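The structure under discussion appears below in the form of C-alpha coordinates.
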Amino acid sequence: MSLVETFRLTLDGEEHIVSIAADETLLEAALAAGIDAPHSCTKGRCGTCLSWLRNGEVTMASARALSPRSNERGYVLACQSRPSSSDPIWLDFDI
Amino acid sequence: MQIGKIDSVWRYPVKGMRGEEVPHLYTAYTGLMGDRIYGVVAADGDPGHPWHTGRNQEEFILYKASYQASEDLLLPDNLDASYSEWEPGIDPLYPDADAFKVTVETPEGVTYDDIEDPAFIADLEKLTGRSLRVYTTQRGIFDARPVSLFSLSAAAKLGEELGMDVDKRRFRANFYVEWDNQDDPFYENSLVGKTLKIGEWLELMIVERDPRCTMITLDPDTAEATPKLLRHLARNHAGDAGVFAAVVRRGRVNKGDPIFLK
(Lines give C-alpha, C1' and ligand atoms only; values in the text may rest on other atoms or scores of the structure.)
Protein backbone atom coordinates (compact mmCIF):
# COMPACT_ATOMS: atom_id res chain seq x y z
CA MET A 1 0.00 0.00 0.00
CA SER A 2 1.24 3.45 -0.90
CA LEU A 3 1.99 5.95 1.88
CA VAL A 4 -0.82 8.05 0.44
CA GLU A 5 -3.90 6.68 -1.32
CA THR A 6 -4.61 9.73 -3.44
CA PHE A 7 -2.87 12.94 -4.42
CA ARG A 8 -3.88 16.29 -5.87
CA LEU A 9 -2.75 17.08 -9.39
CA THR A 10 -3.01 20.40 -11.24
CA LEU A 11 -2.80 20.39 -15.03
CA ASP A 12 -4.02 22.93 -17.58
CA GLY A 13 -5.79 24.82 -14.83
CA GLU A 14 -7.83 21.80 -13.80
CA GLU A 15 -7.67 20.04 -10.45
CA HIS A 16 -7.70 16.25 -10.17
CA ILE A 17 -7.66 13.81 -7.28
CA VAL A 18 -5.65 10.81 -8.40
CA SER A 19 -5.56 7.37 -6.79
CA ILE A 20 -2.09 5.90 -6.45
CA ALA A 21 -1.16 2.28 -5.83
CA ALA A 22 1.89 0.96 -4.07
CA ASP A 23 5.06 1.18 -6.19
CA GLU A 24 3.42 3.52 -8.69
CA THR A 25 5.10 6.77 -9.63
CA LEU A 26 3.03 9.93 -9.66
CA LEU A 27 3.17 9.89 -13.45
CA GLU A 28 2.06 6.27 -13.69
CA ALA A 29 -0.85 6.98 -11.39
CA ALA A 30 -1.88 10.03 -13.41
CA LEU A 31 -1.75 8.16 -16.70
CA ALA A 32 -3.68 5.24 -15.21
CA ALA A 33 -6.37 7.72 -14.23
CA GLY A 34 -6.66 8.83 -17.84
CA ILE A 35 -4.96 12.18 -17.33
CA ASP A 36 -2.91 13.46 -20.26
CA ALA A 37 0.11 14.18 -18.09
CA PRO A 38 3.13 15.33 -20.12
CA HIS A 39 5.87 12.75 -20.38
CA SER A 40 8.35 11.33 -22.84
CA CYS A 41 11.32 9.18 -21.83
CA THR A 42 9.93 8.12 -18.39
CA LYS A 43 13.54 7.52 -17.30
CA GLY A 44 14.25 10.83 -15.61
CA ARG A 45 16.39 12.11 -18.45
CA CYS A 46 14.33 14.33 -20.74
CA GLY A 47 12.61 16.52 -18.15
CA THR A 48 9.24 16.59 -19.91
CA CYS A 49 7.36 15.62 -16.71
CA LEU A 50 9.00 18.40 -14.68
CA SER A 51 6.44 19.61 -12.17
CA TRP A 52 6.17 21.50 -8.90
CA LEU A 53 5.70 19.50 -5.73
CA ARG A 54 3.63 22.09 -3.90
CA ASN A 55 3.07 19.83 -0.94
CA GLY A 56 4.18 16.44 0.33
CA GLU A 57 7.34 14.42 0.06
CA VAL A 58 8.63 12.09 -2.64
CA THR A 59 11.75 10.14 -3.44
CA MET A 60 13.09 10.03 -6.98
CA ALA A 61 14.83 6.95 -8.34
CA SER A 62 16.76 9.13 -10.79
CA ALA A 63 16.82 12.85 -11.36
CA ARG A 64 19.32 13.40 -14.17
CA ALA A 65 17.18 16.07 -15.78
CA LEU A 66 16.73 18.01 -12.55
CA SER A 67 19.21 20.83 -12.05
CA PRO A 68 20.13 22.15 -8.58
CA ARG A 69 18.13 25.30 -9.41
CA SER A 70 15.03 23.26 -10.25
CA ASN A 71 15.53 21.21 -7.13
CA GLU A 72 15.72 24.36 -4.98
CA ARG A 73 12.45 25.56 -6.50
CA GLY A 74 10.73 22.37 -5.38
CA TYR A 75 10.45 20.84 -8.84
CA VAL A 76 10.39 17.09 -9.30
CA LEU A 77 10.25 14.61 -12.15
CA ALA A 78 6.84 12.95 -11.96
CA CYS A 79 8.07 9.84 -13.77
CA GLN A 80 10.58 9.16 -11.00
CA SER A 81 8.59 10.31 -7.95
CA ARG A 82 7.02 8.04 -5.38
CA PRO A 83 5.46 9.19 -2.09
CA SER A 84 7.92 9.01 0.81
CA SER A 85 5.68 10.16 3.65
CA SER A 86 2.01 10.30 4.50
CA ASP A 87 1.89 14.07 3.96
CA PRO A 88 -0.73 15.01 1.36
CA ILE A 89 0.82 15.45 -2.10
CA TRP A 90 0.00 18.28 -4.47
CA LEU A 91 1.70 18.05 -7.85
CA ASP A 92 1.39 21.03 -10.16
CA PHE A 93 2.30 20.72 -13.85
CA ASP A 94 1.33 24.31 -14.65
CA ILE A 95 4.78 25.82 -14.15
CA MET B 1 13.91 19.86 -56.99
CA GLN B 2 14.75 22.81 -54.76
CA ILE B 3 12.82 22.69 -51.50
CA GLY B 4 14.41 25.48 -49.50
CA LYS B 5 17.59 27.24 -48.51
CA ILE B 6 20.04 27.51 -45.63
CA ASP B 7 19.10 30.39 -43.34
CA SER B 8 22.22 30.10 -41.21
CA VAL B 9 25.09 27.79 -40.29
CA TRP B 10 25.98 27.25 -36.63
CA ARG B 11 28.59 25.40 -34.66
CA TYR B 12 29.08 24.99 -30.94
CA PRO B 13 32.79 24.93 -30.00
CA VAL B 14 31.97 23.61 -26.52
CA LYS B 15 29.11 21.18 -26.03
CA GLY B 16 26.36 22.90 -24.07
CA MET B 17 27.74 26.44 -24.40
CA ARG B 18 26.49 29.21 -26.69
CA GLY B 19 26.98 28.60 -30.40
CA GLU B 20 28.45 30.79 -33.11
CA GLU B 21 27.01 31.57 -36.52
CA VAL B 22 29.49 31.29 -39.36
CA PRO B 23 29.20 32.36 -43.01
CA HIS B 24 30.29 29.00 -44.37
CA LEU B 25 31.72 25.78 -43.00
CA TYR B 26 33.10 22.45 -44.01
CA THR B 27 30.90 19.51 -43.10
CA ALA B 28 32.69 16.18 -42.80
CA TYR B 29 31.21 12.72 -42.50
CA THR B 30 31.77 13.23 -38.77
CA GLY B 31 29.94 16.54 -38.61
CA LEU B 32 30.70 20.23 -38.98
CA MET B 33 34.26 21.43 -38.61
CA GLY B 34 34.81 22.67 -35.07
CA ASP B 35 31.38 21.62 -33.84
CA ARG B 36 31.30 20.44 -30.22
CA ILE B 37 34.95 19.45 -30.10
CA TYR B 38 35.15 20.34 -26.42
CA GLY B 39 32.96 19.09 -23.64
CA VAL B 40 32.99 19.19 -19.87
CA VAL B 41 32.76 15.77 -18.26
CA ALA B 42 31.24 15.40 -14.78
CA ALA B 43 32.55 12.64 -12.55
CA ASP B 44 29.06 12.15 -11.11
CA GLY B 45 27.34 12.36 -14.50
CA ASP B 46 25.12 9.74 -16.03
CA PRO B 47 27.44 6.96 -17.27
CA GLY B 48 25.72 7.18 -20.63
CA HIS B 49 25.73 10.97 -20.80
CA PRO B 50 28.48 12.34 -18.55
CA TRP B 51 28.47 15.86 -20.00
CA HIS B 52 27.97 18.94 -17.86
CA THR B 53 25.43 21.11 -19.73
CA GLY B 54 22.52 23.44 -19.18
CA ARG B 55 20.63 20.45 -17.83
CA ASN B 56 22.85 20.65 -14.77
CA GLN B 57 23.61 24.38 -14.69
CA GLU B 58 21.19 26.50 -16.70
CA GLU B 59 23.62 29.42 -17.06
CA PHE B 60 26.10 27.13 -18.82
CA ILE B 61 24.29 27.93 -22.09
CA LEU B 62 25.27 31.59 -21.61
CA TYR B 63 28.98 30.81 -21.58
CA LYS B 64 30.44 32.13 -24.79
CA ALA B 65 33.03 29.92 -26.46
CA SER B 66 35.01 31.17 -29.44
CA TYR B 67 37.95 29.87 -31.40
CA GLN B 68 41.06 31.99 -31.20
CA ALA B 69 41.70 31.22 -34.89
CA SER B 70 38.08 31.03 -36.01
CA GLU B 71 38.73 32.10 -39.61
CA ASP B 72 41.24 29.27 -40.02
CA LEU B 73 38.72 26.71 -38.82
CA LEU B 74 36.03 27.14 -41.44
CA LEU B 75 37.52 25.19 -44.33
CA PRO B 76 40.44 22.71 -44.35
CA ASP B 77 43.47 23.97 -46.31
CA ASN B 78 43.40 21.11 -48.78
CA LEU B 79 39.64 21.05 -49.27
CA ASP B 80 39.78 21.86 -53.00
CA ALA B 81 42.37 19.15 -53.59
CA SER B 82 40.27 16.64 -51.70
CA TYR B 83 37.39 16.97 -54.16
CA SER B 84 38.56 14.28 -56.51
CA GLU B 85 37.51 11.52 -58.80
CA TRP B 86 37.61 9.31 -55.71
CA GLU B 87 33.91 9.59 -55.04
CA PRO B 88 32.40 10.51 -52.70
CA GLY B 89 35.60 12.48 -51.98
CA ILE B 90 38.52 12.22 -49.60
CA ASP B 91 38.07 13.66 -46.14
CA PRO B 92 40.54 16.56 -46.04
CA LEU B 93 43.23 17.26 -43.47
CA TYR B 94 42.18 19.26 -40.43
CA PRO B 95 44.50 21.77 -38.75
CA ASP B 96 46.57 20.43 -35.86
CA ALA B 97 44.81 20.16 -32.51
CA ASP B 98 46.61 23.28 -31.24
CA ALA B 99 44.71 25.38 -33.79
CA PHE B 100 41.41 24.61 -32.06
CA LYS B 101 42.11 26.63 -28.92
CA VAL B 102 38.95 28.06 -27.43
CA THR B 103 38.44 31.19 -25.35
CA VAL B 104 35.56 31.11 -22.87
CA GLU B 105 33.71 34.11 -21.46
CA THR B 106 31.33 33.57 -18.56
CA PRO B 107 28.01 35.42 -18.13
CA GLU B 108 29.73 37.45 -15.39
CA GLY B 109 32.32 38.66 -17.89
CA VAL B 110 35.25 36.55 -16.71
CA THR B 111 37.39 35.48 -19.66
CA TYR B 112 39.61 32.42 -19.85
CA ASP B 113 41.96 32.64 -22.81
CA ASP B 114 42.10 28.86 -23.05
CA ILE B 115 39.39 26.47 -21.89
CA GLU B 116 42.19 24.12 -20.91
CA ASP B 117 43.51 26.68 -18.44
CA PRO B 118 43.14 24.86 -15.07
CA ALA B 119 41.57 28.02 -13.64
CA PHE B 120 38.51 27.58 -15.86
CA ILE B 121 37.63 24.14 -14.59
CA ALA B 122 38.61 25.02 -11.01
CA ASP B 123 36.24 27.99 -11.01
CA LEU B 124 33.45 25.95 -12.60
CA GLU B 125 33.90 23.21 -10.01
CA LYS B 126 33.70 25.79 -7.24
CA LEU B 127 30.54 27.26 -8.75
CA THR B 128 28.75 23.96 -9.33
CA GLY B 129 30.14 21.73 -6.61
CA ARG B 130 30.88 19.04 -9.18
CA SER B 131 34.09 17.25 -10.06
CA LEU B 132 34.70 18.23 -13.68
CA ARG B 133 37.27 17.93 -16.45
CA VAL B 134 37.63 19.25 -19.99
CA TYR B 135 37.53 16.69 -22.77
CA THR B 136 38.47 17.38 -26.38
CA THR B 137 38.47 15.70 -29.77
CA GLN B 138 38.78 17.19 -33.25
CA ARG B 139 35.79 15.27 -34.59
CA GLY B 140 32.87 16.29 -32.43
CA ILE B 141 30.86 15.16 -29.41
CA PHE B 142 27.26 14.45 -30.33
CA ASP B 143 24.41 12.93 -28.38
CA ALA B 144 22.95 11.22 -31.40
CA ARG B 145 23.87 12.28 -34.93
CA PRO B 146 26.52 14.59 -36.35
CA VAL B 147 24.19 17.10 -38.04
CA SER B 148 20.89 18.66 -37.01
CA LEU B 149 18.40 20.78 -38.97
CA PHE B 150 15.57 22.92 -37.74
CA SER B 151 13.29 25.20 -39.72
CA LEU B 152 12.37 28.79 -39.05
CA SER B 153 8.76 27.85 -39.81
CA ALA B 154 8.77 25.27 -37.01
CA ALA B 155 10.03 27.85 -34.53
CA ALA B 156 7.40 30.34 -35.67
CA LYS B 157 4.59 27.78 -35.51
CA LEU B 158 5.57 26.60 -32.04
CA GLY B 159 5.57 30.21 -30.95
CA GLU B 160 2.10 30.67 -32.40
CA GLU B 161 0.82 27.52 -30.71
CA LEU B 162 2.23 28.56 -27.36
CA GLY B 163 1.58 32.28 -27.59
CA MET B 164 5.20 33.15 -26.92
CA ASP B 165 8.28 34.10 -28.86
CA VAL B 166 10.25 30.92 -29.60
CA ASP B 167 13.85 31.80 -30.43
CA LYS B 168 15.31 29.35 -32.95
CA ARG B 169 18.55 29.22 -30.93
CA ARG B 170 16.78 27.18 -28.26
CA PHE B 171 17.06 24.21 -30.61
CA ARG B 172 20.84 24.38 -31.05
CA ALA B 173 20.75 23.19 -34.66
CA ASN B 174 23.65 23.22 -37.09
CA PHE B 175 21.53 24.32 -40.01
CA TYR B 176 18.51 26.56 -39.66
CA VAL B 177 16.52 26.30 -42.86
CA GLU B 178 13.74 28.02 -44.75
CA TRP B 179 11.44 25.66 -46.62
CA ASP B 180 9.68 26.64 -49.82
CA ASN B 181 6.67 24.63 -48.61
CA GLN B 182 4.32 27.12 -46.97
CA ASP B 183 1.67 24.57 -45.98
CA ASP B 184 3.56 22.46 -43.44
CA PRO B 185 5.56 24.37 -40.82
CA PHE B 186 7.14 21.10 -39.72
CA TYR B 187 8.07 20.06 -43.25
CA GLU B 188 11.40 18.60 -42.10
CA ASN B 189 9.50 15.75 -40.43
CA SER B 190 8.35 14.55 -43.84
CA LEU B 191 11.96 14.28 -45.02
CA VAL B 192 12.99 11.39 -42.76
CA GLY B 193 14.54 8.71 -44.98
CA LYS B 194 15.24 11.14 -47.80
CA THR B 195 18.50 12.61 -49.08
CA LEU B 196 19.10 16.32 -49.50
CA LYS B 197 21.76 18.07 -51.51
CA ILE B 198 22.86 21.38 -50.07
CA GLY B 199 24.86 23.77 -52.18
CA GLU B 200 27.37 22.31 -54.57
CA TRP B 201 28.67 19.34 -52.63
CA LEU B 202 27.06 18.44 -49.35
CA GLU B 203 24.56 15.58 -49.21
CA LEU B 204 22.67 14.63 -46.08
CA MET B 205 20.34 11.77 -45.34
CA ILE B 206 17.64 12.74 -42.87
CA VAL B 207 17.65 9.80 -40.50
CA GLU B 208 15.21 10.62 -37.74
CA ARG B 209 13.27 13.24 -35.85
CA ASP B 210 15.03 14.93 -32.96
CA PRO B 211 13.63 13.97 -29.52
CA ARG B 212 14.04 16.90 -27.17
CA CYS B 213 14.96 17.45 -23.53
CA THR B 214 15.07 20.33 -21.07
CA MET B 215 17.75 22.18 -23.05
CA ILE B 216 15.10 23.73 -25.31
CA THR B 217 13.24 25.16 -22.33
CA LEU B 218 16.17 27.51 -21.60
CA ASP B 219 16.05 31.04 -22.97
CA PRO B 220 19.29 31.50 -24.94
CA ASP B 221 19.73 35.02 -23.58
CA THR B 222 18.74 34.59 -19.94
CA ALA B 223 18.86 30.82 -19.24
CA GLU B 224 15.44 31.09 -17.61
CA ALA B 225 13.40 27.94 -18.15
CA THR B 226 9.99 27.71 -19.79
CA PRO B 227 8.95 24.10 -19.09
CA LYS B 228 5.69 24.45 -20.98
CA LEU B 229 7.61 24.40 -24.26
CA LEU B 230 8.78 20.82 -23.68
CA ARG B 231 5.39 19.80 -22.34
CA HIS B 232 3.75 21.19 -25.46
CA LEU B 233 6.13 19.28 -27.70
CA ALA B 234 5.44 16.04 -25.84
CA ARG B 235 1.68 16.39 -26.01
CA ASN B 236 1.38 17.76 -29.53
CA HIS B 237 4.49 16.80 -31.50
CA ALA B 238 5.58 13.45 -30.04
CA GLY B 239 8.33 15.25 -28.13
CA ASP B 240 10.28 15.99 -31.31
CA ALA B 241 11.49 19.18 -32.94
CA GLY B 242 13.79 19.26 -35.95
CA VAL B 243 15.61 16.34 -37.53
CA PHE B 244 18.97 14.60 -37.39
CA ALA B 245 21.03 13.86 -40.48
CA ALA B 246 23.93 11.66 -41.50
CA VAL B 247 26.46 12.95 -44.01
CA VAL B 248 26.35 11.00 -47.27
CA ARG B 249 28.75 13.26 -49.15
CA ARG B 250 30.90 15.80 -47.39
CA GLY B 251 31.49 19.36 -48.50
CA ARG B 252 31.31 23.07 -47.92
CA VAL B 253 28.03 24.69 -46.99
CA ASN B 254 27.27 28.41 -47.18
CA LYS B 255 24.64 30.64 -45.67
CA GLY B 256 21.93 30.97 -48.34
CA ASP B 257 22.79 27.72 -50.13
CA PRO B 258 19.83 26.11 -51.93
CA ILE B 259 18.54 22.80 -50.61
CA PHE B 260 17.51 20.17 -53.14
CA LEU B 261 15.58 16.95 -52.63
CA LYS B 262 17.43 14.15 -54.42
Side-chain angles (χ1 to χ4, degrees), chain A residues 8-16 18 25-54 58-81 90-95, chain B residues 16 40 42-62 107 124-130 132 143-144 161-164 170 209-219 222-241:
Chain A
R8 178 179 175 183
L9 185 152
T10 304
L11 177 63
D12 300 331
E14 295 184 5
E15 301 294 331
H16 306 266
V18 181
T25 65
L26 301 185
L27 176 67
E28 288 167 342
L31 295 175
I35 296 169
D36 182 24
H39 66 283
S40 184
C41 78
T42 68
K43 294 180 174 64
R45 291 180 177 148
C46 71
T48 305
C49 61
L50 187 75
S51 41
W52 180 17
L53 186 66
R54 299 181 67 146
V58 300
T59 55
M60 284 182 279
S62 171
R64 299 291 186 193
L66 202 61
S67 69
R69 187 170 85 186
S70 292
N71 199 38
E72 287 168 10
R73 290 180 178 179
Y75 294 170
V76 296
L77 301 172
C79 74
Q80 298 296 304
S81 297
W90 179 8
L91 189 70
D92 187 349
F93 279 98
D94 293 345
I95 53 174
Chain B
V40 175
D44 65 347
D46 185 322
H49 189 276
W51 310 107
H52 181 81
T53 69
R55 290 156 54 89
N56 317 101
Q57 178 199 4
E58 288 84 350
E59 290 75 15
F60 198 69
I61 69 163
L62 304 180
L124 192 61
E125 286 186 320
K126 188 176 177 184
L127 186 65
T128 63
R130 305 187 91 190
L132 304 168
D143 284 350
E161 291 173 351
L162 282 157
M164 61 181 275
R170 287 176 179 270
R209 292 167 63 166
D210 188 344
R212 295 297 184 161
C213 71
T214 52
M215 288 292 284
I216 66 161
T217 68
L218 304 178
D219 185 305
T222 66
E224 266 304 312
T226 306
K228 72 175 182 180
L229 178 51
L230 190 57
R231 290 202 302 273
H232 176 79
L233 271 189
R235 298 168 87 187
N236 299 281
H237 300 281
D240 303 325

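Everything numeric here is computed off the predicted structure, so don't read it as measured data. Numbers restart at 1 for each chain; the letters A, B, ... are given by sequence-line order, proteins then strands.
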Problem - Portion of A:Ser70 that has a non-hydrogen atom of chain B nearer than 4.5 angstrom - result: both

Problem - Under 4.5 Å from any heavy atom of chain A - which part of B:Arg55 - result: both

Practice task
Answer with side chain, backbone, both or neither: which region of B:Asp44 has an atom nearer than 4.5 Å to a non-hydrogen atom of chain A?
Solution key: backbone

Fill in the blank from the handout: chain A shares the most heavy-atom pairs under 4.5 Å, among B:Thr217, B:Leu229, B:Leu230, B:Thr128, with B:Leu230

Handout entry: Under-4.0 Å salt bridge between A:Asp12 and B:Arg235
Key = yes

Practice task
Compare all side-chain heavy atoms of A:Leu53 with those of A:Trp90 and state whether any distance is below 4.5 angstrom.
Solution key: no

Exercise for the section: Please check if any side-chain donor atom of A:Gln80 sits under 3.5 Å from a side-chain acceptor atom of A:Thr25, or the reverse. Expected result: no

Exercise for the section: State whether a side-chain donor-acceptor pair under 3.5 Å links A:His39 with A:Glu28. Expected result: no

Completion exercise
Given A:Asp36, A:Asp94, A:Leu50, the one with more heavy-atom pairs under 4.5 angstrom with chain B than any other is A:Asp36

Practice task
Using only heavy-atom distances, determine whether the side chains of B:Arg130 and B:His52 contain a donor-acceptor pair under 3.5 Å.
Solution key: yes

